[in-house]
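Okay, so here's the structure we're looking at.
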Amino acid sequence: MKKATKTIGITLGVCIVAGGALFGAVQLQAHEGAMGVTKERMDAMKSFGEAVGAMSDMIKGKIAYDGARVKQGAETIKTHAGEKLIAFFPEGSMDDHTEALPAIWLDFEKFSNLAAELQINAVALEAASESQDTFMPAFIDLTNTCTACHTKFREEQED
Amino acid sequence: MKKPPIILAAAFSVVAGLVTLSILFLAPPAQVRDWSGVTGDAERGQYVSRLGGCVACHTLAEGAGPLLSGGAPIMTPFGSIAAPNITPDRAYGIGSWTRDDFAAALLNGAAPDGSSYYPVFPYPSYARMSTQDVADLWAYLQTIPPISTPSQEHDLTWPFSQRVLMRAWKTLFFTPVEFQPDPKHGAKWNRGAYIVSGPGHCGECHSPRGILGNSDAARALEGGMGPNGKKVPSITAQALAQAGWTRGDVAFALFLSITPDGDSLGGAMGEVIRDGARHLTPEDREAIEAYLLDLPGTDD
């Protein structure tokens, strides 16, 4: 009887540890997330977000206006926009992690135009970075492009 | 203890009976407003149309369709519903309506023929609108070009395709009462509360719903479901604070679609901002923020 209890106890313990490890491994995999081109474009978008977030804080007055930082952010966006951005979205490049919608490849011309527009607006933003007055309208143009693309071509954000 | 099936069946019959009775005999709830001294201002009405987000649903996206001449189908768990043509066209729009017809639609969810609208048309929120805003909106709608495009048919699954059921739904879940300011708060906070709970109808997507599409006032703005069946986040003061939203962030996002972490809001919220929120005055966007973040010091 005692031995049986002990055996059950050990078996349960092993199951719990193994289950926990497996769960951890699955979690890790989910966190590692995207691979290849999907990961590249997600990283690019993340760098856009960081730049735009900092510029937003300047407009909100949360941080002081910093023309050099705006210029640098605009450059980051410029170098990853246009052809580079289009190349990040080869036809059907969808995996479990992507938030891209299939609509991209149904209207690739529109998508490509927005990618090109982003680059043009990033160049304009870079040129307008010297003073806060010129920066503001250029920033609005740029973010309009972000939103136009996300409204049509990105999956709904759920959190 | 498990309830015997017979009791469940009896309870079900009673509920079904009550619902049937209410369909047949009870008039759905309705409110009456005092229109004396109220004159509509079309210019202000155009602004109210932005507050109410009319364009986002009643116009095909991206300028593909003429203004307010009917929108793309909205997906619901009960089927799809397309927002109709609300231009002053007499045959296909609302050109033959009176102001009272319009007010009954907005404030009571009732069509001119007495039938009830599906609450995809957010009249449970619009019911809270001020009489002046309704009059202004009506005046504005008279001024837009009439478009003779038929509205798209709804495509609902049975039994939800039976519009008469909406009478019972209204009896059970609809309380048409005009917005009342909270005296504990100031004008700005209350303006925000009015926009959010009334014309802005934020809760139609951001509040959870019961299985019959009814909203739960106690859980207002705790997160719900969007027009395409996607989860919509909670926007309670607590949830926003947890997600890092502080003073300035909400008003900014409602203007440029940019969240505090630099992301650009797309999807349905992108449309809400593009067609509605960004056309508001900065004061109104700040009022919405004061209410949603429940900011102290905004009681002026």
Side-chain angles (χ1 to χ4, degrees), chain A residues 42 44-63 69-70 73-74 76-77 81 99-104 107 109-111 113-114 117-118 121-122 125 135-159, chain B residues 56 60-64 72 74-75 205-206 222-235 239-240 242-279 282 285-286 289 293:
Chain A
M42 285 174 110
M45 291 294 174
K46 208 165 165 232
S47 69
F48 293 179
E50 278 160 15
V52 167
M55 293 178 209
S56 303
D57 283 347
M58 294 175 200
I59 297 173
K60 294 175 198 168
K62 294 193 178 193
I63 54 176
R69 198 168 169 195
V70 171
T76 303
I77 298 170
E99 293 172 344
L101 289 177
I104 291 173
D107 195 353
E109 196 186 334
K110 168 101 183 161
F111 179 79
N113 286 343
L114 284 166
E117 188 184 291
L118 182 68
N121 286 334
L125 180 66
F135 149 76
M136 185 67 182
F139 179 77
I140 291 176
D141 285 345
L142 179 98
T143 54
N144 280 345
T145 308
C146 303
T147 306
C149 200
H150 283 182
T151 297
K152 198 168 161 61
F153 296 121
R154 185 176 69 167
E155 203 173 74
E156 213 73 43
Q157 302 293 290
E158 300 202 331
D159 46 25
Chain B
L60 285 174
E62 297 180 48
I74 296 164
M75 301 303 167
C205 290
H206 284 282
E222 287 182 5
M225 200 187 75
N228 40 21
K230 289 284 183 172
K231 237 171 74 188
V232 167
S234 170
I235 51 167
L240 287 171
Q242 260 171 15
W245 293 66
T246 58
R247 186 186 292 261
D249 291 338
V250 175
F252 192 80
L254 289 174
F255 180 46
L256 289 182
S257 253
I258 305 293
T259 67
D261 58 6
D263 191 7
S264 163
L265 291 164
M269 195 61 206
E271 290 179 17
V272 166
I273 295 167
R274 181 192 67 203
D275 297 332
R278 82 176 310 176
H279 302 274
R285 282 192 295 269
E286 283 163 21
E289 172 174 284
L293 293 179

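Proteins come first, then strands; the chains are lettered A, B, ... in the order of their sequence lines, and each starts at number 1.
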Partner residues of K60(A) under the side-chain hydrogen bond (donor to acceptor under 3.5 Å, both in side chains) criterion, sequence neighbours left out: D249(B)
Is there side-chain contact between T151(A) and R274(B), with at least one heavy-atom pair below 4.5 Å? yes
Heavy-atom side-chain proximity of D263(B) to R154(A) below 4.5 angstrom: yes
Please flag which part of K62(A) lies under 4.5 Å from any non-hydrogen atom of chain B: side chain, backbone, both or neither. side chain
Applying a strict 4.5 Å limit to non-hydrogen atoms, the region of L101(A) in contact with chain B is neither
Partner residues of F135(A) under the ring-ring contact (aromatic ring centres under 6.0 Å, His included) criterion, sequence neighbours left out: Y65(A), F139(A)
Residues in ring-ring contact (aromatic ring centres under 6.0 Å, His included) contact with F255(B), at least two apart in sequence or another chain: none
Ignoring hydrogens, what is the shortest heavy-atom contact between R278(B) and I140(A)? Give both atom names and the distance. NH2-CG2, 3.9 Å
Of the non-hydrogen atoms in L256(B) and T147(A), which two are nearest, and what is the gap between them? O-OG1, 3.8 Å
Can you tell me which portion of T246(B) sits under 4.5 Å from chain A's heavy atoms? Options are side chain, backbone, both or neither. both
By number, which residues in residues 48-57 of chain A have some heavy atom less than 4.5 Å away from chain B? G49(A), V52(A), G53(A), S56(A)
